[in-house]
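A short write-up of the structure that comes next.
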Amino acid sequence: MAEIVVEGGQRLTGEIPVSGAKNAALPLMVVTLLSSDPVTLTNCPDLHDIGTLSNVLHGHGTEIDASRIGAGSGAGLPVLRMHTPEIKSVRAPYELVSQMRASILVLGPLLARTGRAEVSLPGGCAIGSRPVDLHLMGLEAMGASIELRDGYVVAYTPQDGKSRLKGAKINFPKVSVGATENLVMAATLAEGRTEMFNAAQEPEVVDLCKCLINMGAQISGLGTSHLIIDGVDRLHGVEHQVISDRIEAGTFAVAAGITGGELILKNGHLEHLGALVAVLEASGTVCTQLDSGIHVVSAAPRPNGTNVTTEPYPGYPTDLQAQIMSLMTIATGTAVLTETIFENRYMHVPELIRMGADIDVDGRVAVVRGVDKLFGAPVMATDLRASASLILAGLVAQGETVVGDIHHLDRGYERIEAKLSAVGAKIERQG
Ligand code: UD1
């Protein structure tokens, strides 16, 4: 099985290109279900998750032109052309949905376009139970009937699928990126006005709304927690450029910090990094926006211990919690990390401890006492972002770190070993 081998101790310098955002590209792919015209995405990352969603969409009748997308090899195309002249099947099967939870995003668009949808429940996930109740609550508020049958969500619009969804007021009790995206897409083709309160404000949600607006949707309140969507009869085709990946950029910013390095993250947008910028600055790594991307430089000999609490955007992202923990393992002093978004998202902790880190976890709180040195070790990647945190730790550890189970990594990072080795890391993929 493939693994990544890192020899620690190199200071990273140079320029790294930031890829298109996985979490923006996935919902943007799903918009093809809302229109019978072609939808083209540029700056699409070449990742396994894109391939998985392509298979889901193919099952609904989408023709996709990007045969190499999903290879995860870097050979894929940045342009993804999709066309769904008609929906051939409204069923998203367990075999595909269970591979990637974001497949649940097809539910709202299928329902809005055809009046029916049958989507497998995604099931449990390594970083917590991750329910879909908010997605269902919103669609019910829009008039859908929903039944759970044999592990599937079976949903239909009034009059047994013959009427449209109806605009509604939706007040999210909790911020959910996926539920906001699902319901925004559904609302674009609903009858009347939908208002969402406590909606997610993540840059990926804004990117989705911009794409939908260019297809003819009427949406206001972008980037705020109050979205207003006036339903239209049809959406037309679009060509849209996927925003750059703030989580990948943030991971490389931490790589600069942890190696005492200096990087330019080409195409990166500082404002999308949210609270990471202040956390990095407090720890001794400074980020500034250039025309070409983000300049990151480590200004302290060792990072300062800095407390971090994950929150919905613009707060500190849960998808960068594992990475910042790696930085804190070698800090001077102690850092308290609090994970408020997902339970069970500390599975990288035992692996970091195997590398010499001093960490105690109690529920959602992790206390990281900085040590002088980490030591290379064989470690197992347990989820996507945890995999990245182990590579970051490997970059600074003394000796060799071998990260196994890297299929998680390939779900969300495009050629990470090639990008890091181009800026001076000793890292390679084996097997
Ligand atoms: C998205 C991102 C993921 C990121 C997460 C939080 C994609 C493809 N994935 O996931 O990388 O970690 O946002 O920023 O964009 N919840 C419910 N009921 C629901 C839906 C969610 O209780 O119906 C809970 C979840 O269990 C979690 C919290 O809400 O505790 C946030 O989840 P959500 O924002 O929905 O995450 P995803 O959209 O799945």
Side-chain angles (χ1 to χ4, degrees), residues 20-30 44-45 47-50 52-53 56 97 99-108 119 121-141 146 148 153 155 170-186 196 198-209 225 242-243 245-248 250-251 272-276 309-324 338-347 364 383-389 408-409 411-413:
K22 169 180 88 76
N23 286 354
L26 295 173
L28 286 167
M29 286 173 72
V30 174
C44 200
L47 299 168
H48 274 283
D49 273 7
I50 302 291
T52 305
L53 188 57
V56 174
V97 177
Q99 287 179 37
M100 191 187 60
R101 181 190 152 74
S103 317
I104 193 75
L105 291 174
V106 302
L107 183 61
V119 180
L121 282 167
C125 157
I127 58 172
S129 58
R130 302 181 80 171
V132 293
D133 54 320
L134 301 175
H135 302 240
L136 306 188
M137 173 274 285
L139 292 171
E140 275 179 332
I146 294 182
L148 297 181
V153 177
I170 299 170
N171 200 342
F172 292 104
K174 185 176 194 178
V175 179
S176 163
V177 175
T180 302
E181 292 168 343
N182 217 339
L183 298 172
V184 165
M185 287 191 279
M196 292 182 196
N198 202 25
Q201 304 170 55
E202 268 68 0
E204 295 78 16
V205 177
V206 176
D207 201 29
L208 172 67
C209 290
S225 61
V242 179
I243 53 168
D245 195 317
R246 66 193 168 99
I247 305 302
E248 190 198 24
T251 302
H272 289 173
L273 295 188
L276 172 68
T309 299
T310 62
E311 282 168 344
Y313 189 85
Y316 190 90
T318 176
D319 285 352
L320 286 170
Q321 176 259 107
Q323 297 89 321
I324 205 75
T338 308
E339 172 59 60
T340 72
I341 309 291
F342 293 114
E343 75 269 27
N344 199 20
R345 204 174 193 180
Y346 284 134
M347 287 180 308
R364 292 182 175 248
D383 69 50
L384 168 56
R385 307 304 171 185
S387 322
S389 75
H408 295 292
L409 195 70
R411 286 188 44 210
Y413 287 92

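All ligand and atom numbering here is 1-based and tracks the order in the structure. Computed from a predicted model, the values in this text were never measured in an experiment.
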To the closest 0.5 Å, what do you measure between CE (Met29) and CG (Leu53)? 4.0 Å
Return yes or no for this condition: an N or O of Phe342 is under 3.5 Å from an N or O of ligand 1. no
Show which atoms of ligand 1 fall inside a sub-4.0 Å distance from at least one heavy-atom site of Asp133. 17 (C), 18 (N), 19 (C), 22 (O), 23 (O)
Per-atom contacts, ligand 1 versus Gly178 - under 4.0 Å to a heavy atom: 35 (O), 38 (O)
Heavy-atom closest pair (Gln201 atom, Tyr313 atom, distance to 0.1 Å) is O-CD2, 3.3 Å
Nitrogen or oxygen of Glu181 less than 3.5 angstrom from that of ligand 1: no
N or O pair under 3.5 Å between Leu134 and ligand 1: yes
Between Ala24 and Glu204 the two heavy atoms that sit nearest each other are N-CG, 3.6 Å
Side-chain touch Ile247/Pro317, heavy atoms, less than 4.5 angstrom: yes
Should you measure from each heavy atom of Arg345, which atoms of ligand 1 turn up under 4.0 Å away? 12 (O)
Ligand-residue contact atoms, ligand 1 with Ile341, heavy atoms, under 4.0 Å: 27 (C), 30 (O), 31 (C)
Quick one: does Val177 get an N or O within less than 3.5 Å of an N or O on ligand 1? yes
Got Ser387 and Arg411 here, is their nearest side-chain heavy-atom distance under 4.5 Å? no
Distance-minimising heavy-atom pair for Met196 and Phe172: SD-CE1, 3.9 Å
Can you check whether Val132 reaches Leu107 side chain to side chain, under 4.5 Å on heavy atoms? no
For atom 11 (O) of ligand 1, which candidate among Leu320, Asp319, Leu208 provides the closest heavy atom? Asp319
To which of Lys22, His135, Met137, Lys174 does the heavy atom nearest atom 29 (O) of ligand 1 belong? Lys174
Thinking salt bridges, do Arg345 and Asp319 make one under a 4.0 Å N-O criterion? yes
State whether the shortest distance between N or O atoms of Asn23 and N or O atoms of ligand 1 falls below 3.5 angstrom. yes
Would Ser176 count as being in polar contact with ligand 1, using the rule that some N or O on each side must be under 3.5 angstrom apart? yes
Return yes when Pro131 approaches ligand 1 closer than 4.0 angstrom through a heavy atom, no otherwise. yes
Could you tell me whether ligand 1 has any atom less than 4.0 Å away from a heavy atom of Glu204? no
Hydrogens and angles aside, do Thr318 and Glu339 bring a side-chain donor and acceptor to less than 3.5 Å of each other? yes
Note: ligand 1 atoms sitting under 4.0 Å from heavy atoms of Thr318 are 6 (C), 12 (O), 14 (O)
Checking Val119, Val30, Val56 against Ser103 for side-chain contact (heavy atoms from CB on, under 4.5 Å), the one that qualifies is Val56
